[in-house]
Amino acid sequence: MPRGDRGSGTEPRNLTALIPELSLVGAAVIGLLAGSWLPRRRQWLIAALAAAACTTGLAATAVTMAIGREQTVFAHTFAVDTATDAGRLIVLGALLLVIAMSVETVRGHQRETEYWVLLLLTGAGSLALIGANDLLMLFAAYLLASIPAYALAAFAKDARGTEAALKYYLMGALLGTTMLAGTALFYGAGHATLYRDLRAALPAAPYGLVAVGLVAVLAGLLFKAGAGPAHGWVPDVTEGAHTPVAAYVTTLPKIGALIAGYRLLHQALPDSVVNWPLLLAILAAVTMTLGNLAAFFQTAVTRLPAYSTISQVGYLLMALAVATRTDLAQKSLLFYLAAYAATDLGALAVVTELPHARTLDNYRGLGRRHPALAAVLLICLLGLVGTPPTGVFLGKLEIFSAAIDGGYTWLAALAVANTVASLFYYLRWLAPLFTTTAPAPADTQTVLGRWAAATAYTAATISLALGIAGGTVLPFATGSLLP
């Protein structure tokens with residue numbers, strides 16, 4: 001089998017290049033078979049298998065980055081490059097945190113095995129989105145990331161969860177069909193689905209066909225990311241699903257969808273006459289503003305993070321808007337995704353640890369009863385605003401700089417205004433933690449167990465570490481995408 005050099009390697013069926021993806025899929029298959037025979041008290045072994053699969057993927061990615069092995073596989077439909085490696089590290093690390101915070105929630109559940117299997121499969125879908133270098137591969141990854149997630153949203157099998165899952169599924173089916181129609185339009189315009197072939201063919205294709213195809217494909221990716229105007233399902237799912245599922249929904253799909261969108265725009269449409277940078281800039285402005293406005297008067301700790309994450313997607317879309325206009329776009333996107341994932345998971349791990357605290361007022365006096373958890377919440381919520389020395393601060397600084405360098409100073413100014421405005425609703429959550437009035441009833445501050453707490457401490461530590469050592473981490477997000 002021929003082997004290519006760094007940056008242009010092509011190994012049509014090199015399965016070793018897909019060890020992280022195959023680890024998750026393999027663990028899902030083995031876990032489903034083993035779980036069918038294991039007694040309920042032994043179902044935790046599937047969780048250990050899931051964690052081992054994530055660790056294997058992280059180790060394989062670290063080796064790939066160390067030896068600098070960049071390549072495309074399976075007829076160039078999947079690229080293993082800087083963005084893929086960074087995305088793998090973020091997704092697998094986030095998936096490990098979600099697994100840890102889920103332990104007490106699903107322990108002893110009659111469908112515990114199914115939970116871990118679904119989590120592994122949807123994680124594999126997110127990884128597939130990251131490296132997709134072909135429209136058909138992109139759509140297959142979209143399905144793999146979406147279908148298990150619908151089942152996870154309804155895992156509680158109660159009225160709220162079922163309603164949320166139904167909304168999630170219906171929007172996913174509609175926008176997935178739209179995405180497939182966009183793929184067909186692109187094929188009609190460029191007579192290809194591979195990004196590098198579209199890059200050569202689309203500049204000469206009919207403008208209307210390319211424009212409609214792009215909007216249709218982006219509709220599916222924006223749905224996965226939870227961006228406006230396809231964001232309506234996010235608060236319903238975070239409120240109706242188990243909190244660890246809400247943590248998954250607000251992190252992993254966004255990582256896969258945003259990196260996939262960046263790759264599509266950067267690799268297939270850099271020379272297109274369609275003004276997609278302006279489209280993305282407008283979507284970024286609308287998304288961050290809608291998310292912040294909707295979050296202002298939320299009191300439910302399950303819905304407030306949903307609107308917060310919508311606004312964060314608005315900031316992240318800024319990098320896509322300048323994908324071909326500045327070299328800062330890629331590293332700012334990848335670093336912000338890593339920082340955001342750790343910070344958001346830290347906050348939601350605290351929510352998981354306090355299962356009976358459903359409103360902001362239930363957190364009154366938490367600083368006296370559980371000071372460590374209050375400290376984590378302080379770090380993570382101020383981190384989401386963009387307060388130094390957390391990772392999100394550096395991520396916002398990088399992404400705002402990329403927007404300015406890419407010619408969208410007005411968008412960076414709007415993002416700064418939205419960042420300042422977001423401080424209002426984060427402080428509404430933080431203020432009760434350290435109140436001197438009577439604390440909330442003790443039953444609302446009953447902790448769940450050690451796993452969710454350990455996840456919260458770990459995520460907060462990662463958020464701080466990314467902020468403090470960001471200069472060391474950023475170079476790993478710099479590198480060209482493979483055609």
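Everything numeric in this text was worked out from a predicted model, so none of it was measured.
- Atom CE of M318 and atom NZ of K396 lie 10.0 Å apart (nearest 0.5 Å).
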Applying side-chain hydrogen bond (donor to acceptor under 3.5 Å, both in side chains) to T309 and Y340, what does each step give before you reach the verdict? CA-CA 9 Å; T309 195; Y340 164 72; 2.2 Å; yes
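- No salt bridge links R450 with E104; every basic N to acidic carboxylate O contact stays at or beyond 4.0 Å.
- Here the shortest heavy-atom pairing between F335 and L466 reads CZ-O, 3.3 Å.
- For the pairing with L214, the side-chain contact (heavy atoms from CB on, under 4.5 Å) check across V217, L218, V212 returns one residue only, L218.
- For Y457, the OH atom counts as densely surrounded, since its 6.0 Å shell holds more than 12 non-hydrogen atoms of other residues, nucleotides or ligands.
- Looking at E163 and L166, their side chains never come closer than 4.5 Å, going by heavy atoms from C-beta outward.
- Between T302 and R358, some side-chain heavy-atom pair lies under the 4.5 Å cut-off.
- No salt bridge links D236 with R160; every basic N to acidic carboxylate O contact stays at or beyond 4.0 Å.
- Distance alone, capped at 3.5 Å, is enough to place a donor-acceptor pair between the S36 side chain and the L32 backbone.
- With values rounded to the nearest 0.5 angstrom, Y248 atom OH is found 12.0 Å from S102 atom OG.
- In the displayed structure, W451 atom CH2 is contacted under 6.0 Å by at most 12 heavy atoms of other residues, nucleotides or ligands.
- In this structure, N292 contributes its side chain and M288 its backbone to a donor-acceptor pair below 3.5 Å.
- Using the six-membered ring where Trp is involved, Y408 and W410 have ring planes that are perpendicular, over 60° apart on the 30 and 60° scheme.
- When all heavy atoms of A260 and L129 are compared, the closest pair comes out as CB-O, 3.3 Å.
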Name each donor-acceptor pair under 3.5 Å that joins a side chain in residues 171-178 to protein atoms two or more places apart or in another chain, with its distance.
from: T177; atom 1: OG1; to: A173; atom 2: O; distance (Å): 2.8
from: T178; atom 1: OG1; to: L174; atom 2: O; distance (Å): 2.9

